[in-house]
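See structure below.
Being a predicted model, the structure only gives us computed values, none of them experimental.
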Amino acid sequence: MSDNITPLASLSLTHVYYNPNDPLSHLCAFLALVPQALCVVYATLLWSTREAEVLLMFLGQLTCELINFVLKRLIKEERPKHVISTGGKGYGMPSSHAQFAVFWAVALGLFLMVRHRPPRSHIKKGQMQKEKAEGEQEGPALVDVPRRYKEGGLRAVNAHLEAYSHTPWSWAQRAVVSLAAGVVAVLVAWSRIYLGYHTPKQVLAGSAAGAVSAVAWFAVTYMVRETGLLAWGLEFPVARWLRIRDLVVEEDLCQAGWEKWEERRILTLSKLKEKNK
């Protein structure tokens, strides 16, 4: 009976070899899972927002993976020998992890810094005039919290923080987020070298391929928008059934939902007051 038992196999999608005695190696093993985590993020955002921009970015990400698949089979460069001896499979040039992560970072940065045009402010006009009169030309900022506490205590701080949370990201904030995404991509690429799955040349090639693919895809989606193809596609019955929309380029989705909730909350409170009179 024992001779007929089929040997078990590991799922290479998440199977990562690392040195358990090396904390950095352990960290790199988790960094190797970033592409899978990003796919979960894409799927979650698609389901929760139904945004065309998220769909376009995910399609670009999948196209980038297809390009990596083709390049590996055209170049046919092996991984480092010690990885092959421990069970590493597939070609190594270019690194798919580096290409995936860099595409995501560059595409996100291009969206935040170039395509995204958020409204100037969500703060009500009267409140904005009050902020300006008190010297806050760019709207509420975290550095003003101590001053607010001295002026009005916790109630003033709470009002200030609420106003701050309803302010669209500034150019500097979007730049910081874009830079953070770039740092994550660099760490993912470096982890492939540290774990020994790729040579530095393979990682650099993957990073370059990811960056070029992201810029090219951004140009493609720009043409899709400018020529009206996106608007045309959103009129298809399937797109309407799935409630696909294109709002995130010029609108803060969280703020839009919050304003709708505020209108309903205020209306409910006013009805309760009328009922209790």
All heavy atoms of Thr221 vs all of Arg115, minimum pair found to be OG1-NH2, 3.0 Å
Closest heavy-atom pair, Met113 versus Ser178, reported as atoms and distance to 0.1 Å, is CG-OG, 3.7 Å
The reported gap from NE2 in His116 to CG in Leu108 (rounded to nearest 0.5 angstrom) is 11.0 Å
Would you say Val177 and Val186 are hydrophobically clustered, going by side-chain heavy atoms of ILVMFWY under 4.5 Å? no
- How about Thr268 and Arg264: do any of their side-chain heavy atoms sit closer than 4.5 Å? yes
For this session: Please determine if Arg192 forms a cation-pi arrangement with Trp190, meaning its NZ or CZ atom is less than 6.0 Å from the six-membered ring centre and no more than 45° off the ring axis.
Result: no
With a 3.5 Å distance limit and no angle check, can you tell me whether Gln202 reaches the backbone of Ile193 through a side-chain donor-acceptor pair? no
One should read off an interatomic distance between Leu230 CG and Asp246 CG, to the nearest 0.5 angstrom, of 5.0 Å
In this structure, NE2 of His198 is separated from CE of Met93 (nearest 0.5 Å) by 10.0 Å
message = I'd like to check Val114 versus Phe218 (side-chain heavy atoms, cut-off strictly below 4.5 Å). Are they in contact?
response = yes
Are side-chain heavy atoms of Leu267 and Ser270 found at a separation under 4.5 Å? yes
**Study point:** Single-linkage hydrophobic cluster, 4.5 Å side-chain cutoff, Phe236 and Leu56 together
**Key:** yes
Val203, Ile75: one ILVMFWY side-chain cluster at the under-4.5 Å cut-off?
no
Determine whether Tyr42 and Val40 fall in the same hydrophobic cluster, where Ile, Leu, Val, Met, Phe, Trp and Tyr are linked whenever their side-chain heavy atoms lie under 4.5 Å apart.
-> no
So CG of Asn68 and CZ of Phe100: to nearest 0.5 Å the spacing works out to 11.0 Å
Ala32 and His97 have their tightest heavy-atom pair at O-NE2, 2.9 Å
Worksheet item: Taking side chain as C-beta onward, heavy atoms only, is Trp217 less than 4.5 Å from Leu59?
Response: yes
Heavy-atom nearest pair, Ser213 first then Ile67, reads OG-CD1, 3.9 Å
Flag side-chain contact, heavy atom, 4.5 Å: Leu62 against Leu66: no
In this structure, CZ of Phe111 is separated from CE of Met57 (nearest 0.5 Å) by 9.0 Å
> Side-chain heavy atoms under 4.5 angstrom apart, residues restricted to Ile, Leu, Val, Met, Phe, Trp, Tyr: same cluster for Val224 and Val238?
Replying inline: yes
Heavy-atom closest pair (Leu112 atom, Arg174 atom, distance to 0.1 Å) is O-NH1, 2.8 Å
Nearest heavy-atom approach of Ser207 to Ala98 is OG-CB, 3.7 Å
Leu247 and Glu51, any side-chain heavy atoms less than 4.5 Å apart
yes
Using atom types as modelled, flag every donor-acceptor pair under 3.5 Å from a side chain in residues 20-30 to any protein atom, sequence neighbours excluded.
| residue | atom | partner | partner atom | Å |
| --- | --- | --- | --- | --- |
| Asp22 | OD1 | Leu24 | N | 3.1 |
| Asp22 | OD2 | Tyr194 | OH | 2.5 |
| Ser25 | OG | Asn19 | N | 2.7 |

Distance col, row Lys72:NZ vs Arg79:CZ, nearest 0.5 angstrom, shows 5.0 Å
